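This one's a predicted model, so the numbers in the text were calculated from it and none came from an experiment. Chain identifiers are assigned alphabetically (A, B, ...) following the order of the sequence lines, protein sequences preceding nucleic acid strands; residue numbering begins at 1 within each chain.
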There are 4 protein chains.
Amino acid sequence: MTFFNNTNRPPGQNEKYIAILTAAFKVFAREGLHRGKIADVAKEAGVGKGTVYEYFRSKEDIFTAILNQFFDQIQWGLETVNQQDLPADKKVARLLEMNLDWFKTTTPEEALIITEIWAQGLRSFHTAEPDDAMIHRYRAIQEMMMSILEQGVAEGIFRPVDSETLALLLMATLDGLGLHFLINQTMDIEKLKSVTRRAFLEGILVRQESQSTGE
Amino acid sequence: MTFFNNTNRPPGQNEKYIAILTAAFKVFAREGLHRGKIADVAKEAGVGKGTVYEYFRSKEDIFTAILNQFFDQIQWGLETVNQQDLPADKKVARLLEMNLDWFKTTTPEEALIITEIWAQGLRSFHTAEPDDAMIHRYRAIQEMMMSILEQGVAEGIFRPVDSETLALLLMATLDGLGLHFLINQTMDIEKLKSVTRRAFLEGILVRQESQSTGE
Amino acid sequence: MTFFNNTNRPPGQNEKYIAILTAAFKVFAREGLHRGKIADVAKEAGVGKGTVYEYFRSKEDIFTAILNQFFDQIQWGLETVNQQDLPADKKVARLLEMNLDWFKTTTPEEALIITEIWAQGLRSFHTAEPDDAMIHRYRAIQEMMMSILEQGVAEGIFRPVDSETLALLLMATLDGLGLHFLINQTMDIEKLKSVTRRAFLEGILVRQESQSTGE
Amino acid sequence: MTFFNNTNRPPGQNEKYIAILTAAFKVFAREGLHRGKIADVAKEAGVGKGTVYEYFRSKEDIFTAILNQFFDQIQWGLETVNQQDLPADKKVARLLEMNLDWFKTTTPEEALIITEIWAQGLRSFHTAEPDDAMIHRYRAIQEMMMSILEQGVAEGIFRPVDSETLALLLMATLDGLGLHFLINQTMDIEKLKSVTRRAFLEGILVRQESQSTGE
DNA sequence: AATGAATGAGACTTCATTCAT
DNA sequence: CATGAATGAAGTCTCATTCAT
């Protein structure tokens, strides 16, 4: 559960907060989102049922926290890549690599939880809270990808691209791959990396005699 | 609700079966997967609660049926494209178009339901039923995409590709785009279409002087 | 439990409705309002827990129903008295008698429940629902007493009185006596009846040479 | 909150004891008896949750204390009246006045709390603690009223009465009026005072040619 | 004496499912 | 076939009380 090592939490209550969140993640991963009972989370965390509610307003609040941890992690990874002194195409390759390598340290059950929470959180986003974080968190990710793409264009490595839309595509592709890894874990990740990298990059690299397919 | 017009269902009980399935889809889309009650489904379908259980073994069984309808639709669309007399690159473009146009006739709530069921169904796939359809249905889709890609290679339009892996990538990309459309419905679909098409196709089209990034 | 014999309830569901209400009254009387669990009510009524909620929206809804039964009973008793062919002073005496005799068929625990619900219901009346029945139910009682008092004035038995205010006083006195019977059940009811009757009636009877205390 | 000014409390801990009691009264009045949380009481009193339990054994203990304060106040008022150098009929009038004037300085919510505690306390009296104060406190009040009534008889102002029963009736009437003021606060208190005084007093004053209604 | 983090028993309520009609 | 009244397991959350500091 390397998932909850970051410490961007209100200090002072960090210990138990993390303990409960970690336990929740474990329990939900094992049982599913609804099957996973708060009582189990408490037991797993080694605290009383009431204590869970000292740190989280509701079960859904735990979901949100898990999802936020997930986004924190992604963003942190992206920032790390972005801050490295690399040409843009290498950065894109690193991105891809990071994304797919995530599955080597994460069980499908864990990844599935993210998806479940994601789907449920999305619903509440559509129905209730207008300033829900989801869209903003994705926007942040998108913008970081945009900056990499724009760097590439500036470096003359990438042809002029609609970086905003392309960043969206890239983000979607990475998420889609994650999704499909959930379905089929026998896929050859290394092969997937290279195929994806080549398909994506050779389409945006500046080339002498490119030919658009027009329309 | 054009979603449930196809009739690949056990004949004889078709009327009510479809009525219930349609009602379920509506109710779940409106309320969410867990919030949506069987009682509401029955009322929406204009039948008694007990009748629902004449046609479906359980609530989860309804989920499965909805998901199957979804896959039926996708597969039917793919087949349609594949059977057209078009060069492979046009077929890929059509695929992309179809995929993104789906959102013009589907509300986010409806799409969300698919995602929710998908995530939940996936769990049961991982935990319980080994011959669950999900992976096979995706495999069928993947194979159809493979055949398009291989057609392109045979036609000399596409460079020699690992069609299996690339089909997976394509599938993942389309799903990923769907996912992100759920998050951000303000995205410009037409722009996304062209950017995606170009990014994807120009990377696999045969070109005079392509330069691989190697590794 | 002669308390729930009246049948002014939506017909068709009368059986179980009454069974649950009767059970609830019994349980609440035994355990108190909060200690009395719905589970116990269900068991006492010989139905499932869920069945209780088929007939009542919530625990509070049961409270309300009990209170309404109580008011129904009082009103029915008042009407009976009022419709009898008696001079007003006899009617007042009958009222008093009825009121105090109620305790011969009702246990203190049962009467206490009424008081608890009454107090709680009153709170919700002050805080939330503006058209709560409580005040209207009391008003109806008050008006029936007013009509008795006015009859007495018309008959020349009572001196001209502010019938509205006096009816309120009469109502309050009867309720107050009920309250104190809860506290001290050793009181001699028959003695209380005659003392109260005399104190109340001799103050309102027409007399030759009454002397007001003025102010 | 003039309610808690008297200081018949264990000295030395008076400050915080009173602070907590006052806070409790406020919170319970605002939220109701069960809704009012100890945590809120503590916050309102400006002390820690644990501190509440330094001064009170339990929540119910607070209830009892509140009720006792209430009785203290009533008794103190009665004593004051009783010790004045007045004829008995004036004393009765003063009693009535005091009782109804109480509502001018007390909000319905506060009065309601008394009623709620009263009802709940009564239950515990019936079920558990045989030496509960309630009956004794009321007995004390009753005895003070008896002494007023007997004074009136001795003075020749009141006809010979069963002072014990009549004191009970008087007490019940005053409580009943309080109760009904909770229900209907629009009642004209001054009118109620005079009607009640006249109805009650003229029934017990010595008169030349009274005529009993017999039976 | 004062505190408040921790507790966990307990309660209401929901809802998928059954089955007698 | 159709129904919907009945069910009861299950789950979230509350809150009075304790106790180590």
Round to the nearest Å and state the distance from E15(A) atom CD to dA6(E) atom C1'. 14 Å
Passing option when F25(A) is tested against V41(A), I62(A), I117(A), I114(A) for side-chain contact (heavy atoms from CB on, under 4.5 Å): I114(A)
How long is the line joining CD of E31(C) and C1' of dG10(E), in whole Å? 14 Å
Output the rounded distance in Å from CZ (F56(C)) to C1' (dA5(F)). 16 Å
When both distances are under 3.5 Å in a Watson-Crick or G-U wobble arrangement, the nucleotide paired with dA1(E) is none
N/O donor-acceptor pair under 3.5 Å between K16(C) side chain and A45(C) backbone: no
Heavy-atom side-chain proximity of T64(C) to F56(C) below 4.5 angstrom: no
Starting at atom NE2 of H34(B), determine the distance to atom P of dT13(E), rounded to an integer number of angstrom. 23 Å
If you only use heavy atoms from C-beta on, which nucleotide in dC15(E), dA5(F), dT3(F) is closest to the side chain of K37(B)? dC15(E)
What I'd like to find out is whether the side chain of R30(C) reaches to under 4.5 Å of the side chain of V27(C), using heavy atoms alone. yes
Can you tell if the side chain of I113(A) reaches within under 4.5 Å of the side chain of E110(A), non-hydrogen atoms only? no
Would you say K16(C) places a side-chain N or O within less than 4.0 Å of OP1 or OP2 belonging to dA5(F)? no
Between dA2(E) and Y55(D), is there an OP1 or OP2 to side-chain N/O distance shorter than 4.0 Å? yes
Taking atom P of dA11(E) as reference, at what distance in whole Å does atom CZ of F28(C) sit? 12 Å
Would you indicate whether the side-chain heavy atoms of Y17(D) and L21(D) approach each other to under 4.5 Å? yes
State which residue, out of K26(D), K37(D), K49(D), fulfils the salt bridge (Lys or Arg N to Asp or Glu O under 4.0 Å) condition with E44(D). K26(D)
Send over the distance from I20(D) CD1 to dG4(E) P, rounded to a whole Å. 13 Å
Proximal nucleotide (of dT7(F), dA1(E), dT3(F)) relative to the T51(B) side chain: dT3(F)
Which parts of residues 38-49 of chain B get close to DNA chain E, meaning a heavy atom less than 4.0 angstrom away? I38(B), K49(B)
Under a 3.5 Å cut-off for both contacts, is dT21(E) paired Watson-Crick or G-U wobble with anything, and if yes, with which nucleotide? dA2(F)
Does some side-chain heavy atom of K59(C) sit less than 4.5 Å from a side-chain heavy atom of F28(C)? yes
Would you mind telling me which of dC13(F), dT17(F), dA6(F) lies closest to the side-chain atoms of E54(C)? dA6(F)
Return whichever of V52(C) or G50(D) has its heavy-atom-nearest nucleotide of DNA chain F closer to the 5' end. V52(C)
Checking dC13(F), dA16(F), dA2(F) against the side chain of Y53(D) (C-beta onward), the nearest is dA16(F)
Is there a Watson-Crick or G-U wobble partner for dA11(E) with both distances under 3.5 Å, and which nucleotide is it? dT12(F)
Rounding to a whole Å, what distance do you find between R35(A):CZ and dT12(F):C1'? 16 Å
Distance in angstrom units between F63(D) CZ and dA16(F) C1', rounded: 11 Å
